[in-house]
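Heads up, the thing below is written out as structure tokens.
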Amino acid sequence: MREPTATEGENGAVVAVTATSAVASPPQALVERLKDYGQEDVFALWDELSPDERDLLVKEIESLDLPRIDRIIRCSLRSQGLPVAAIEPVPENCVSTVEERTMEDREKWWNMGLKAIYEGKLAVVLLSGGQGTRLGSSDPKGCFNIGLPSGKSLFQIQAEKILCVQRLASQTMSEGTTRSITVHWYIMTSPFTDEPTRKFFSSHKYFGLEPDQVTFFQQGTLPCISKDGKFIMETPFGVAKAPDGNGGVYAALKCSRLLEDMASRGVKYVDCYGVDNVLVRVADPTFLGYFIDKGVASAAKVVRKAYPQEKVGVFVRRGKGGPLTVVEYSELDQSLASAINQVTGRLRFCWSNVCLHMFTVDFLNQVANGLEKESVYHLAEKKIASVNGLTTGLKLEQFIFDSFPYAPSTALFEVLREEEFAPVKNANGSSFDTPESARLLVMRLHTRWVIAAGGFLTHSVPLYATGVEVSPLCSYAGENLEPICRGRTFHAPCEISL
Ligand code: UTP
């Protein structure tokens, strides 16, 4: 309710003013504090606000850590466009490529990973605090049904992959006496996704997982700003805010005391990934085995960059002998982006980051302390809802890969796009990374699995537009499908389930 204001009567006299009180000013001390940081405009519409709205605005401003936010805004704006330290390609010995990987390696790592999972040493962290603005769904991205025959949501597909890995670890390791094991799943939400995510899990009975093996925790938010660093107002009495990027996971794990929780469960390794990759191999035993075998503190799965101008961040070495880090496509000079390694004939900077990471819990502890002091955030230009409608503004974000320079050792593990990367970023109708493109990638891969396992397909629409879907409850990565598929004919599209 707005405070009553004076209105003009028919005869032009000022009438019908109901109990108007003198317009109170915003609290002076708060205005002075805001002036210190050039943000006093947040009170610009004060006179139009009702008492309740004024209250809300004052409370919101009081809750902001203004010195920290100001430092982040100034440092981040200042660092824009500064020359970045010279970069070098990732040394070959830091990467396990698909072509050099032998069957023995794969088997060894798969078994090492399953053993560690069986021993309760792996936890999974899901990054699910993003607003998914490009996809345009009002629900959290994980609730999205991309149109597979099963109609499963991204959350369900990922939960079932965890169930499958648990079963595989139990069957392989417990020599006949299947002991049930659980992989703990930590799900990072934000104020925008928290409640609907929890409700979705609870209304779907945690997709068959034990409710107490899932822990939700929230990441922080930061004000959205204009290019000159001013807070954008979402409403006349509320600052537009956004989650502080998927790199907010480090601080959020620390603040929620979840690193201690992991330690108390005996967790040593953490698999960390984004919610919007339908082909993600959650809790991948092979990647975990590789990670343990290498003895590194951090690792990332990478795919080969498809072409020089592809809009993906690539891993590089920062400075001579420096740490591995990711350079975004916008920061990579065109000549470097297309530079060719004369020996291999391939791109020099070819290892694309696809947000699939493995860390030790020890490293997560170190990095949470280091990144906390970091004041330079990435500035992501996005459409932001504001009092003036949708406006272009900046979100301040840390990225998950900001931790890599802190890692004493990092290894990269090449995977094939067509096996492990089906991103859902944009709404259907866009030219790439849509639910439809991801659906087709899943069905093509699963069709190959079924045919390799001796199955047959019939289809009444062209095969390139259809295929089969294999439930993660049947198979994690194409294994164990022969008993289900050999000699059988499936009519696409359909789901193959237990
Ligand atoms: P994106 O960078 O693609 O962002 O996130 P988004 O929020 O999903 O989508 P847009 O940009 O608004 O369209 C990559 C992954 O990081 C997570 C997302 O949930 C997704 O899994 N993420 C992103 C967070 O967990 N927190 C954030 O603050 C941002």
Side-chain angles (χ1 to χ4, degrees), residues 72 76 124-144 146 153-155 157-158 185-194 196-198 200 215-225 240-253 255-256 258 270-282 300-301 311-313 326 328-330 352-357 371 377-385 390 392-403 420-435 437-438:
I72 291 173
S76 309
V124 173
V125 170
L126 167 60
L127 307 169
S128 184
Q131 291 172 293
T133 38
R134 285 169 289 171
L135 186 59
S137 161
S138 54
D139 292 325
K141 249 190 206 176
C143 306
F144 203 82
I146 63 159
S153 62
L154 300 178
F155 283 141
I157 293 168
Q158 292 162 25
W185 198 11
Y186 297 89
I187 299 185
M188 183 170 81
T189 62
S190 65
F192 308 92
T193 61
D194 191 70
T197 302
R198 288 174 195 258
F200 197 74
T215 302
F216 300 96
F217 65 106
Q218 279 196 51
Q219 68 176 109
T221 59
L222 281 170
C224 303
I225 56 170
K241 291 203 203 118
D244 55 3
N246 56 21
V249 67
Y250 303 107
L253 281 172
C255 295
S256 318
L258 291 177
V270 175
D271 175 31
C272 187
Y273 69 99
V275 70
D276 49 11
N277 174 4
V278 195
L279 284 178
V280 59
R281 291 191 181 170
V282 187
K301 284 186 176 177
K311 292 186 171 177
V312 288
V326 173
E328 291 183 85
Y329 64 87
S330 51
S352 305
N353 175 41
V354 283
C355 196
L356 299 168
H357 304 297
L371 277 182
Y377 279 50
H378 303 268
L379 294 164
E381 194 172 299
K382 301 259 168 127
K383 289 273 174 246
I384 292 167
L390 270 191
T392 303
L394 301 171
K395 291 186 181 176
L396 294 152
E397 298 187 337
Q398 283 188 322
F399 292 157
I400 184 84
F401 57 71
D402 290 339
S403 66
E420 302 202 28
F421 190 49
V424 180
K425 297 285 182 193
N426 305 304
N428 278 336
S430 311
S431 41
F432 59 94
D433 297 349
T434 61
S437 62

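Since the model is a prediction, treat every value here as computed from it, not as a measurement. When a ligand or atom number is given, it counts from 1 through the structure's own listing order.
Rounding to the nearest 0.5 Å places OG of Ser153 at 11.0 Å from CZ of Phe144. One finds the CG atom of Leu394 at 7.0 Å from the CD1 atom of Ile384 (value rounded to the nearest 0.5 Å). Rounding to the nearest 0.5 Å gives a distance of 8.0 Å between CG of Asp271 and CG of Leu356.
Ranking the protein heavy atoms by distance from atom 20 (C) of ligand 1 puts Asp276 OD2, 3.7 Å first. Of all protein heavy atoms, the one closest to atom 16 (O) of ligand 1 is Asn246 ND2, 3.1 Å. Nearest protein heavy-atom contact of atom 19 (O) of ligand 1 is Gly130 N, 3.1 Å. At the shortest separation from atom 17 (C) of ligand 1 among protein heavy atoms lies Leu127 O, 3.8 Å. Scanning the protein for heavy atoms near atom 4 (O) of ligand 1, the closest one is Arg134 NH2, 4.0 Å. Closest to atom 8 (O) of ligand 1, if we only count protein heavy atoms, is Lys141 NZ, 3.0 Å. Scanning the protein for heavy atoms near atom 14 (C) of ligand 1, the closest one is Lys425 NZ, 3.6 Å. Ranking protein heavy atoms by distance to atom 12 (O) of ligand 1, first place goes to Thr133 OG1, 2.5 Å.
If you look at Pro243 next to ligand 1, the close heavy atoms, those under 4.0 Å, come from the backbone and the side chain alike.
Donor-acceptor pairing under 3.5 Å is lacking for the side chains of Gln398 and Asp244. Judged by distance alone, the side chains of Lys395 and Gln131 do bring a donor and an acceptor atom under 3.5 Å apart.
For a threshold of 3.5 Å applied to N or O pairs, the pair formed by Gln219 and ligand 1 contains at least one separation below that value.
Here the closest non-hydrogen pair linking Met188 and Asn246 is CE-O, 4.0 Å. Nearest heavy atoms, Lys141 versus Gly132: CE-CA, 3.9 Å. Summarising the geometry of Ser430 relative to Asn426, their closest heavy-atom pair is OG-CB, 3.4 Å, with the distance given to 0.1 Å. Between Leu135 and Pro435, the shortest heavy-atom contact is CD1-CG, 3.8 Å.
Using a 4.0 angstrom heavy-atom cutoff, Gly132 counts as in contact with ligand 1. Look at Gly248 and you'll find every heavy atom at least 4.0 Å from all atoms of ligand 1.
Legend: residues meeting ring pair (Phe, Tyr, Trp, His ring centres under 6.0 Å) with Tyr377, ordered by chain and number and at least two apart, are absent.
When each atom of ligand 1 is checked for a heavy atom of Lys382 under 4.0 Å away, the hits are 10 (P), 11 (O). Near Gly274, the atoms of ligand 1 lying under 4.0 angstrom from a non-hydrogen atom of the residue are 21 (O). Atoms of ligand 1 lying under 4.0 Å from any heavy atom of Met188, numbered from 1 in the order shown and given with element: 25 (O).
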